[in-house]
J.: 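Have a look at the structure that comes next, please.
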Amino acid sequence: FQKYMSRKQGDGGLVPGKLVFTGELESFTGKLYPEILTELAGDHEPEAFNIGGPGLVSMIHASQLLEGNDFEVRFYGGLGDDRLAGRMIDMVGKTPLGITNLRKISQRPTPFTHVLSDHTFNNGHGERTFINNIGAAWDFTPEMLADDFFEAEIVCFGGTALVPQLHDQLTDLLINAKKEKCISVVNTVFDFRNEKLNPESPWPLGNTPESLKLIDLLIMDREEAIRISGAPSIEGAAAYFEEQDISSFFITNGPNELYAYSNGSIFKSCPLIKMPVSNMVAKEKLKNPLLKSDTTGCGDNFAGGAVASLGWQIRDRAVGDLDLLETVEWAIASGGFACLYMGGTYFETEPNEKLAMVNSIKSSYHKQRQRG
């Protein structure tokens with residue numbers, strides 16, 4: 001692994017906690033990816049084959065929490081013309097998520113990510129390294145979203161940095177969402193493409209200053225917040241987004257405290273605050289050493305929990321009177337639950353099974369927060 005580690009920012013080498021594209025890793029090493037993977041993993045088979053993607057995993061989770069409550073959750077995405085596409089559709093079909101708009105769009109491979117996981121990293125909290133093949137996602141265009149995408153009350157753009165044509169036109173999509181009076185949620189992912197192109201410049205979100213004023217809830221991790229803002233620290237990034245008059249944002253920070261903020265336009269006003277992760281989840285992970293090695297999907301499920309909370313709240317409350325802290329609690333419980341099984345997507349054995357388990361963590365976390 002160390003042989004293939006990055007030597008300078010954006011050079012295409014492996015970096016713990018970050019994402020690199022297969023093509024860039026091939027350029028960095030001078031080897032084809034299958035050869036690199038064999039050297040890294042030997043004959044070791046993956047511990048899990050699971051649904052991935054910041055958009056897909058978060059929407060699966062939201063659909064599981066909202067199932068049976070008069071909600072419809074749909075996903076729009078592109079697959080390649082290969083065996084993996086069929087396998088993906090079969091797996092997603094076992095969830096409540098609507099996948100009519102998940103279809104084959106390209107002769108390129110279906111997008112995939114190999115996740116290398118090290119449970120000893122960061123004092124035993126674990127860390128992942130991601131190797132991604134964008135594949136068919138290169139060919140997904142804004143026109144493929146169709147008009148009915150904007151007929152929803154909430155629209156979500158998840159990990160658009162892995163869908164380049166959507167990412168570059170994100171501002172226009174957010175303008176459309178605003179025109180249709182949709183609540184827009186954007187959850188980000190490591191943007192290796194722009195990291196490679198301009199390693200010294202902030203990552204763009206379409207036209208960033210304009211996009212930020214249009215986003216109702218922006219969800220990022222520490223690294224993404226720093227690179228999008230151009231600030232040198234998570235504190236500086238939080239201050240930057242607050243100054244941009246963004247409606248609301250969350251910045252996660254692994255096992256450390258996260259940042260949350262609302263200017264009062266969607267959620268009730270909430271000054272910038274820091275909130276801890278779930279003690280209950282931390283204790284459960286300590287009971288099972290195998291769980292320490294996998295935090296895959298925690299951020300994606302965090303985003304899905306936030307979306308589910310938004311759904312419940314807009315059914316019962318007026319926009320502007322939504323409770324940011326309640327949404328944070330559902331997000332933290334959802335991200336925490338994803339630490340307690342392998343992979344990003346949990347496949348239920350019966351409806352509302354996951355809701356019950358996440359709700360237990362959420363109730364515990366609410367009491368933890370009240371105790372201070």
Side-chain angles (χ1 to χ4, degrees), residues 50-77 89 91-102 145 148-159 177 180-187 215-219 248 250 266-267 278 297-319 321-338 340-341 343-366:
N50 216 320
I51 302 294
L56 183 54
V57 171
S58 59
M59 288 298 95
I60 287 175
H61 179 60
S63 73
Q64 290 171 326
L65 294 191
L66 295 172
E67 186 178 12
N69 289 284
D70 299 322
F71 292 94
E72 179 186 3
V73 184
R74 304 192 304 267
F75 180 77
Y76 293 70
I89 290 174
M91 293 180 74
V92 182
K94 297 175 183 177
T95 75
L97 183 65
I99 55 171
T100 303
N101 295 286
L102 175 60
L145 291 176
D148 63 351
F149 180 82
F150 294 100
E151 292 174 1
E153 291 175 279
I154 303 170
V155 295
C156 308
F157 300 98
E180 299 300 325
K181 296 182 172 53
C182 308
I183 293 175
S184 60
V185 179
V186 174
N187 56 298
I215 296 171
D216 292 310
L217 174 59
L218 178 60
I219 304 172
S248 61
F250 301 148
I266 297 296
F267 297 98
S278 166
C298 291
D300 304 336
N301 281 271
F302 179 100
V307 171
S309 175
L310 269 172
W312 284 315
Q313 291 197 53
I314 63 173
R315 180 184 57 185
D316 303 324
R317 304 174 188 170
V319 171
D321 195 39
L322 308 186
D323 188 338
L324 183 78
L325 297 182
E326 182 176 332
T327 295
V328 174
E329 289 183 358
W330 277 107
I332 287 174
S334 296
F337 180 68
L340 304 182
Y341 59 88
T345 297
Y346 181 85
F347 291 95
E348 299 175 297
T349 58
E350 59 184 9
N352 299 130
E353 174 189 2
K354 191 177 189 182
L355 173 60
M357 292 185 284
V358 173
N359 188 40
S360 175
I361 298 173
K362 192 259 185 188
S363 298
S364 170
Y365 183 77
H366 183 73

J.: Name the orientation class of the two ring planes belonging to Phe250 and Phe302 (parallel below 30°, tilted from 30 to 60°, perpendicular beyond 60°).
T.: perpendicular
J.: Holding to side-chain hydrogen bond (donor to acceptor under 3.5 Å, both in side chains), I want the full list of residues that pass it with Thr95, two or more places apart in sequence or in another chain.
T.: none
J.: Is Gln313 reaching over with its side chain to a backbone N or O of Asp323, donor-acceptor style, under 3.5 angstrom?
T.: yes
J.: Return the minimal non-hydrogen interatomic distance between Gly305 and Leu65, and the atom names on each side.
T.: CA-CD1, 4.3 Å
J.: Answer whether the closest heavy-atom distance between the side chains of Ser58 and Asn187 falls below 4.5 Å.
T.: yes
J.: Looking at CG of Leu66 and CG of Asn352, how far apart are the two atoms once the value is rounded to the nearest 0.5 Å?
T.: 10.0 Å
J.: Less than 4.5 Å apart, side chain to side chain, heavy atoms only: is that true for Val307 and Met59?
T.: yes
J.: The test is side chain to side chain contact (heavy atoms under 4.5 Å, CB included); show your working for Leu217 and Ile266 and say whether it passes.
T.: CA-CA 9 Å; Leu217 174 59; Ile266 297 296; over 6 Å; no
J.: For the atom pair CG (Leu102) and CZ (Arg74), what is the distance rounded to the nearest 0.5 Å?
T.: 13.5 Å
J.: How far does OH of Tyr341 sit from CG of Asn301, to the nearest 0.5 angstrom?
T.: 4.0 Å
J.: For Tyr365, which residues count as a ring pair (Phe, Tyr, Trp, His ring centres under 6.0 Å) partner, sequence neighbours excluded?
T.: none
J.: Leu322 vs Thr327, test: side chain to side chain contact (heavy atoms under 4.5 Å, CB included). Steps then yes/no.
T.: CA-CA 9 Å; Leu322 308 186; Thr327 295; over 6 Å; no
J.: So which heavy atom on Cys182 is nearest to which on Ala152, and how close?
T.: SG-O, 3.3 Å
J.: Which atoms form the tightest heavy-atom contact between Leu324 and Ser248, and what is the distance?
T.: CD1-CB, 4.3 Å
J.: Taking C-beta and beyond as the side chain, do Val92 and Thr345 meet within less than 4.5 Å on heavy atoms?
T.: no
J.: Measuring from Glu67:CD to Glu353:CD, what's the distance to the nearest 0.5 Å?
T.: 11.0 Å
J.: Within this structure, what is the CZ-CD1 distance for the pair Phe75 and Ile99, rounded to the nearest 0.5 Å?
T.: 10.0 Å
J.: Under a 3.5 Å distance rule, please check whether Ser363 uses its side chain to pair with a backbone N or O of Asn359 as donor and acceptor.
T.: yes
J.: Could I get the full list of ring pair (Phe, Tyr, Trp, His ring centres under 6.0 Å) partners for Phe149, not counting sequence neighbours?
T.: Tyr76, Phe157
J.: Go through the steps for Phe347 and Ile60 under the test side chain to side chain contact (heavy atoms under 4.5 Å, CB included), then give the verdict.
T.: CA-CA 10 Å; Phe347 291 95; Ile60 287 175; over 6 Å; no
J.: Quick one: does Leu340's side chain get under 4.5 Å of Tyr346's, heavy atoms only?
T.: no
J.: If you round to the nearest 0.5 Å, how far is CD of Glu348 from CG of Leu355?
T.: 8.5 Å
J.: State, to 0.1 Å, how close Gly297 and Ala338 come at their nearest heavy-atom pair, and which atoms those are.
T.: O-CB, 3.9 Å
J.: Grab the two heavy atoms, one from Ala177 and one from Val155, that are nearest each other, plus how far apart they are.
T.: CB-CG2, 3.8 Å
J.: Take atom CG of Asp316 as the centre, draw a 6.0 Å sphere, and report whether it contains more than 12 heavy atoms from other residues, nucleotides or ligands.
T.: yes
J.: Verify side chain to side chain contact (heavy atoms under 4.5 Å, CB included) between His61 and Val358, making sure each step is shown before the conclusion.
T.: CA-CA 10 Å; His61 179 60; Val358 173; 4.1 Å; yes
J.: If only atom types and distance count, is the side chain of Asp216 paired as donor or acceptor with the main-chain N or O of Ser184 below 3.5 Å?
T.: yes
